[in-house]
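Report on one structure; see the data block that follows.
All chains are named by letter (A, B, ...) in the order of the sequence lines, taking the proteins before the strands, and each is independently numbered beginning at 1.
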2 protein chains.
Amino acid sequence: MILKSQVEWALHCCAILAGLPEGRYLSTKALAELHGLPKEYLSKALQSLSQASLVETTLGPSGGYRLAKTPSDINFLEIVEAVEGKARSFTCTNIRANNPCRPEGYCDSKPCAVARIMWEADEAWRDTLRRVRLSDLVGTLSEEVPADIWRRTFEWVLKRAG
Amino acid sequence: MILKSQVEWALHCCAILAGLPEGRYLSTKALAELHGLPKEYLSKALQSLSQASLVETTLGPSGGYRLAKTPSDINFLEIVEAVEGKARSFTCTNIRANNPCRPEGYCDSKPCAVARIMWEADEAWRDTLRRVRLSDLVGTLSEEVPADIWRRTFEWVLKRAG
DNA sequence: GGAATTAAGGATATATCATATCCGAAAACC
DNA sequence: GGTTTTCGGATATGATATATCCTTAATTCC
């Protein structure tokens, strides 16, 4: 049960977008070069963010992506679900129904007890992600990343933002 | 990010094994027929449980599997990890290191902030599973499954246990 | 108006992993 | 000795993640 690498990419890209000055866009090319990622494939992750209305886009030179909401209004779960999908990690195939001892056409009143427990764990995972805002990540990064690297990084991307 | 179907199978099989009388074994064949599963492939899941020391085996006629511990000493996480592995769902490829603005040979003092958050969510998932014991599942099932189906099921498997 | 740049999305190729089956060896039982 | 069972290796197949390419349409700049 491994998350797509695009999840990691999307989170890092959102962190950069969150630090952009108001109104500026950042292209796929700039984000790919900054993170050392394949541009064409990263593009798919960014498209997912766009479809989830987490980012806005504009075409043409100096076009690209920017956040559609303020970083404190975006949480981790939204980003993760945008690229990973909203399906639960455990899918119940209802194998209890195959029990040959069950009467023909017997109907269960509740979802399978095994599934309920697995879904509870899934919900705990989602709850944790829901509680972390993008602004929290930006706060942590600006504390932990050395100030000069942090500054140079945004100079670098803004130069590429036209 | 989807769990293997073997996780579901293993959990249901453990629930059945937990209800067996002391000292009885149940074969792969019986467990496969009870749940309507491919015998050869289910066997792999049971082997995983065996390698994790959650079940004990014996060969020959009337052989098969039984729990290695009492149901209250086995939790969901042990079973899930036995077949799914212990790897975290999020793998950090440390793409921050590709930032061209970082000085040559710069070394990070902490794991990536993105990874720390994702791992925290992963731990919340594991914590939930760790808190649920196999005996809890058996308790729920014996409450929710109609008594006659429950009884007939164990008569059915015991007949096949020789 | 024309050239360059960009996101969007479809088509395709490749690699990895889950799913599934088969077989042989060793052990236990009759 | 024959049957039943677990165990592990080998192999086949299908689905999905990863990755690339190409076309279209929109936007900017000259």
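Note: CE (A/M1) to C1' (D/dA15) measures 18 Å, nearest angstrom. In this structure, A/E8 places its CD atom 16 Å from P of D/dA17, rounding to the nearest Å. Rounded to whole Å, the distance from CG on A/L3 to C1' on C/dT16 is 16 Å. Distance CD (B/Q47) to C1' (C/dT21): 14 Å, rounded to an integer number of Å. Rounded to an integer number of Å, the gap from A/Q6 CD to D/dA19 P is 9 Å. For the pair B/L42 CG and C/dT21 P, the computed distance is 12 Å after rounding to whole Å. Atoms CZ (A/R160) and P (C/dT5) sit 14 Å apart, rounded to a whole Å. Here the C1' atom of nucleotide C/dG9 and the CG atom of A/L46 are 14 Å apart, to the nearest Å.
Within the 4.0 angstrom heavy-atom criterion, only backbone atoms of the sugar-phosphate kind lie near A/Q51; the bases stay farther away. Within 4.0 Å of A/S43, counting heavy atoms only, lies no atom of the nucleic acid at all. A/E56 comes within 4.0 angstrom of nothing in the nucleic acid, heavy atoms only. Contacts of A/S5 with the nucleic acid, taken as non-hydrogen atoms under 4.0 Å apart, involve only primed sugar atoms and P, OP1 or OP2.
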Candidate pair A/E78 and A/K69, rule side chain to side chain contact (heavy atoms under 4.5 Å, CB included), full reasoning: CA-CA 12 Å; A/E78 292 177 278; A/K69 303 189 276 185; 2.9 Å; yes
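If you find the closest nucleotide of DNA chain D to A/K4 and to B/T28, the one lying nearer the 5' end belongs to B/T28. Comparing B/S27 and B/K44 by the nucleotide of DNA chain D whose heavy atom lies nearest to each, the residue mapping closer to the 5' end is B/S27.
The listed nucleotides are D/dT28, D/dC7, C/dA27; the one nearest the side chain of A/P61 is D/dT28. Listed candidates were D/dA17, C/dA20, D/dT5. Nearest to the side chain of B/L59 is D/dT5. Between D/dC7, D/dA17, C/dA20, one nucleotide has an atom nearer to the side chain of A/Y41 than all others, and that is D/dA17. Listed candidates were C/dA20, C/dA8, D/dC21. Nearest to the side chain of A/E40 is D/dC21. Checking C/dC22, C/dA28, D/dA17 against the side-chain heavy atoms of B/T58 singles out C/dA28 as nearest.
When the side-chain nitrogen and oxygen atoms of B/S50 are compared with OP1 and OP2 of D/dC7, one or more of them lie within a distance under 4.0 Å. Under 4.0 angstrom from either OP1 or OP2 of D/dT5 there lies no side-chain N or O belonging to B/S62. In terms of phosphate contacts, A/Y25 brings no side-chain nitrogen or oxygen within less than 4.0 Å of OP1 or OP2 of D/dT28.
No donor-acceptor contact under 3.5 angstrom links the side chains of B/N98 and B/R96, judged on distance only. Under 3.5 Å, the side chains of B/T93 and A/E8 contain a donor-acceptor pair of N or O atoms.
Relative to the six-membered ring of B/W156, B/R152 misses at least one condition, a distance below 6.0 Å or an angle of at most 45° to the axis.
Residues that satisfy the side-chain hydrogen bond (donor to acceptor under 3.5 Å, both in side chains) test with A/N75, not counting sequence neighbours, are absent from this structure.
Between B/E144 and A/R116, at least one side-chain nitrogen of the basic residue sits less than 4.0 Å from a carboxylate oxygen of the acidic one, meeting the salt-bridge criterion.
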